Amino acid sequence: MNTQRCFLQVDCNNFFASCETVFDPSLAGRPLVVLSNNDGCVISRSAEARRAGVPMGAPLFEVRDRLKRLGAVVMSSNYTLYGDMSNRVMALLAHYARSHEVYSVDECFLDVTGEADPVALARRIRDDVLRGLGLPVCVGIGPTKTLAKTANRIAKGDPNLGGVFSFMDLSATEREARLAELAVEEVWGINRRLGTRLRLVGIADAAALVRTDRDFLRRRFSVVMARLADELSGVACLDIDDVASKKKMILSSRSFGRKVTSLAELQEAAAMHAALVAEKLRTQRSHAGFLQVTIRSSPHASEPYVRDSTTVGLLPVSNDSRRLIAAARDAVAHLYRRHVRYAKVGVCALELSDVEHVQDDLFAGRADADARGERLMAAVDAINRKFGRGKLKWASEGAAQPWQGRRDNVSPRYTTHKDELPIVKAN
DNA sequence: TCTGGGGTCCTAGGACCC
DNA sequence: TCTGGGGTCCTAGGACCC
């Protein structure tokens, strides 16, 4: 017998803003926004800020007056806190299903195929996450991942649903009616550009997409679009990806707190990113075959936009911070142009391979020849794990780092740093 | 003055081969 | 005068996600 698949999609509401509120209850019920790195844009809003019309993604300088009028709280982002809370949510969710997929920092898919009452399970999950971690979540349920995702969107949009919506027991007519209410741009995987192209051929809502001939979608758009239509129709094409696969590229980049014109400072920043990339490579036990370095000015400034990048091969492949730093510094020196006001630098590791499967190079010798280097990196990582990232730095990263971004109002790292634990006072 | 960061997948088109 | 065609591999760029 063919059991119908059943997926739950759990998504934290306003995740970053909610994390802040958990540890500072005085924020509850107030308009609150969390900013991107460098205090640039709004990337998370409390329900109150959303209702007041603060747009997602808006640059701070454009909405600053409005936020002030609203009496809104404006926070810098605290990824240490959000990352730790995310781990706690995911660990809890893993208990409810035979397999689960951590889809993003605040989202998880659960495979609960065979579950007798998925709606009851979803309500229990909601209660447990709220009680255990203080975070509100919505749960979408469907026979495919895309329908579960869509159900979640419906649950989020209608307060009467109590945070849970299911496609499982709807008749074909009922399902079609729900999908007809969903603009095509609101479907997972369709954004503005694809939405515009779909509308040009008369597809304006999710129900219309389901009715469209798959061959046409494949030819006119892509296999992804045809698969999307299948998924929305209840035919499961996507499965749970439950083995955390290794990254195929690892990058680190950041805007500067102010424009940078000196080569020395650019190189310091590039060295810092290279060291971070190397550390991430070691964490997932990979070597990089190539390093790509990009430096650019601001695309918003009045002066001409400059964006230069170069890719250098690492022979033999490596995850040694010193080699990546040297390569990044050389690359920056090569790309650097005088008089450009640089806004950002990024370092990206490509062509990653497992350290367990080292491909020896005929000319460059054995990749693992430097056992001392490996021990050194292991020691550096151990110290930084124990005492906090960045405790041990490379001299070429610079000491003062005047190019670092702004973080004017960052909350304490409540859950990961002993000296920043929240203190509860009892009267 | 001030506009994020880290990823994945797919396709088109050129290079190259026979 | 007439100047092939089909297959594969690779890369850059586009589009999307959160």
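In this text the structure is predicted, and so the values were computed from the model without any measurement. A note on names: the letters A, B, ... follow the listed sequences, proteins ahead of strands, and every chain is numbered from 1.
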Quick one: pull up CE in A/Met90 and CG in A/Asp106 and give me the separation to the nearest 0.5 Å.
6.5 Å

Spacing of A/Leu194 atom CG relative to B/dT8 atom P, expressed in whole Å
20 Å

Cut-off 3.5 Å, side chains only: do A/Glu20 and A/Tyr414 have a donor facing an acceptor?
no

Looking at every strand, decide which applies to A/Ile190 at a 4.0 Å heavy-atom threshold: base, sugar-phosphate, or nothing.
sugar-phosphate

Per A/Ser255 side chain, nearest of listed nucleotides B/dG5, B/dG6, B/dT3:
B/dG5

A/Phe109 ring center within less than 6.0 Å of A/Phe7 ring center
no

What I want to check is whether the side chains of A/Gln9 and A/Glu107 have a donor and an acceptor closer together than 3.5 Å.
yes

Heavy atoms, side chains only, cut-off 4.5 Å: are A/Arg178 and A/Phe167 in contact?
yes

Would you indicate what A/Asp106 reaches in the nucleic acid, counting non-hydrogen atoms under 4.0 angstrom: base, sugar-phosphate, or nothing?
sugar-phosphate

Value in whole Å for how far the P atom of B/dG5 lies from OH of A/Tyr79:
8 Å

OP1 or OP2 of C/dC17 less than 4.0 angstrom from a side-chain nitrogen or oxygen of A/Lys145, does that happen here?
no

Could you work out the separation of B/dC17 and C/dT3 based on their P atoms and round it to a whole Å?
24 Å

Output the rounded distance in Å from CD (A/Glu303) to P (B/dT1).
13 Å

Could you provide the dot-bracket string of DNA chain B, using ( ) for intrastrand pairs, [ ] for crossing pairs and | for bases paired to another strand, with Watson-Crick or G-U pairs below 3.5 Å?
....||||||||||||||

Have a look at A/Asn38 and say if it touches a base, only the backbone sugar-phosphate, or nothing, with a 4.0 Å heavy-atom cut-off.
nothing

Of A/Lys246 and A/Phe16, the one whose closest DNA chain B nucleotide lies more 5'
A/Phe16

Distance only, no hydrogens: is a donor on one side chain within 3.5 Å (strictly under) of an acceptor on the other, for A/Asn78 and A/Ser411?
yes

Hey, can you tell me if A/Tyr342 and A/Tyr336 have their rings parallel, tilted or perpendicular (30° and 60° cut-offs)?
tilted

Would you indicate which nucleotide in B/dG5, B/dG6, B/dC2 comes nearest to any side-chain atom of A/Leu251?
B/dG6

Just checking A/Ser77: base, sugar-phosphate only, or nothing, at a heavy-atom cut-off of under 4.0 Å?
nothing

So, is A/Lys247 close to the B/dT8 phosphate, meaning a side-chain N or O under 4.0 Å from OP1 or OP2?
no

CE of A/Met272 to CZ of A/Arg254, rounded to nearest 0.5 Å, is 6.5 Å

Determine yes or no for a side-chain-to-main-chain donor-acceptor pair under 3.5 angstrom, with A/Arg307 supplying the side chain and A/Pro299 the backbone.
no

Distance check needed: B/dG4 P versus A/Arg406 CZ, whole Å only.
11 Å

Contact under 4.0 Å: A/Lys149 side-chain N or O vs C/dC17 OP1/OP2
no

Below 3.5 Å is the cut-off: list the nitrogen or oxygen pairs between protein and nucleotides 10-16 of chain B, distance only.
residue, atom, partner, partner atom, Å
B/dT11, OP1, A/Val223, N, 3.3

Quick one: closest heavy-atom pair of A/Leu110 and A/Ile240, and the distance?
C-CD1, 4.0 Å

If only side-chain N and O atoms count, and only distance matters, is there a donor-acceptor pair under 3.5 Å linking A/Asp111 with A/Thr113?
yes

Out of B/dC2, B/dG4, B/dG6, minimum distance to the side chain of A/Ile43 belongs to B/dG4

How close or far is atom C1' of B/dG7 from atom CD of A/Gln292, stated in whole angstroms?
14 Å

Rounded distance (Å) that lies between atom P of B/dC2 and atom CG of A/Leu60:
13 Å

A/Arg254 atom CZ is separated from B/dT3 atom P, nearest whole Å, by 15 Å

If you check every side-chain atom of A/Lys280, which of B/dC2, B/dG4, B/dG6 has the closest atom?
B/dG6

Write down the distance between CG (A/Asn14) and P (C/dC18), rounded to a whole number of angstrom.
14 Å

